[in-house]
Structures are given as C-alpha cells and as structure tokens.
Amino acid sequence: LPSALGSAIFLVLIFLFAHRLFKQIGIALLAVVIAFCNFQFVSYSIVAEIDLIYGLLCSASLFALFLALQERRFYWFLLAYLAFALAFMT
C-alpha cells in the first residue's frame, strides 16, 4: 500500500511540476502517459518496490528546490531539505 500510494503521489507531483514549468496542460499530461504507457511503473507500484518511494522523494525535493529558487521562500528550502534527507535515508 505505501508503494501504490507513493506512486499515485509521484504522478500528481509530475503533473504539477510540468504544469508549473511549461504552463500548458498538454505537456502536463505527461503524468497520464507515464501512468498508462509504462507498465514497469504500474508493476512496481503493485509489487511494492522501494524505488517508487525513492523516486517520489527525490522528485519532491527537486520540485521544492525549483519552487524555492523561483519564489525565494524559506519553507520551500526546508521542504526540499527534508525530502532529500528522507530520500537519502531510504
């Protein structure tokens, strides 16, 4: 269950990052393409591999760092640090 939940959050995070970066909904639908075309992604979320949790945390840290550099808010830097620390711990 944690891996399946992490993969769903990972897809939402990819969608939000692509939408924020490119400002187009067509490019942001990359998350849907990843979910339905890449069968390894679906099979890893079912088998409960730790790779999806690691990918989620690394992507969350990069997305938070992107927002921190763009908006210059301290809490985005803190979130990037925490997500990277959790990714390192896995």
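The nearest pair of heavy atoms linking L56 to L13 is O-CD2, 4.0 Å. Annotation for C58 and A87: closest pair SG-CB, 3.9 Å, computed over non-hydrogen atoms.
Under the 4.5 Å side-chain heavy-atom criterion for ILVMFWY residues, a single connected hydrophobic cluster contains both F15 and L5. Put simply, L79 and L69 are part of two different groups of oily side chains (I, L, V, M, F, W, Y) that touch within less than 4.5 Å, one to the next. L82 is not connected to F10 by any chain of hydrophobic side-chain contacts under 4.5 Å among Ile, Leu, Val, Met, Phe, Trp and Tyr, and they are in different clusters. One hydrophobic cluster, built from ILVMFWY side chains closer than 4.5 Å, cannot hold both F84 and L78; they sit in different ones.
Between atom CZ of residue F63 and atom CG of residue L21 there is a gap of 9.0 Å, rounded to the nearest 0.5 Å. Distance check: L16 CG to L11 CG gives 11.0 Å after rounding to the nearest 0.5 Å. The CG atom of L62 lies 11.0 Å from the CG atom of L57; values are rounded to the nearest 0.5 Å. Atom CE in M89 sits 13.5 Å away from atom OH in Y54 (nearest 0.5 Å).
Around the OH atom of Y75, the shell of radius 6.0 Å holds more than 12 heavy atoms that belong to other residues, nucleotides or ligands.
In this structure, the side chains of L65 and F77 come closer than 4.5 Å at one or more pairs of heavy atoms. In this structure, the side chains of Q70 and W76 stay at 4.5 Å or more apart for every pair of heavy atoms. F17 places none of its side-chain heavy atoms less than 4.5 Å from the side chain of S59.
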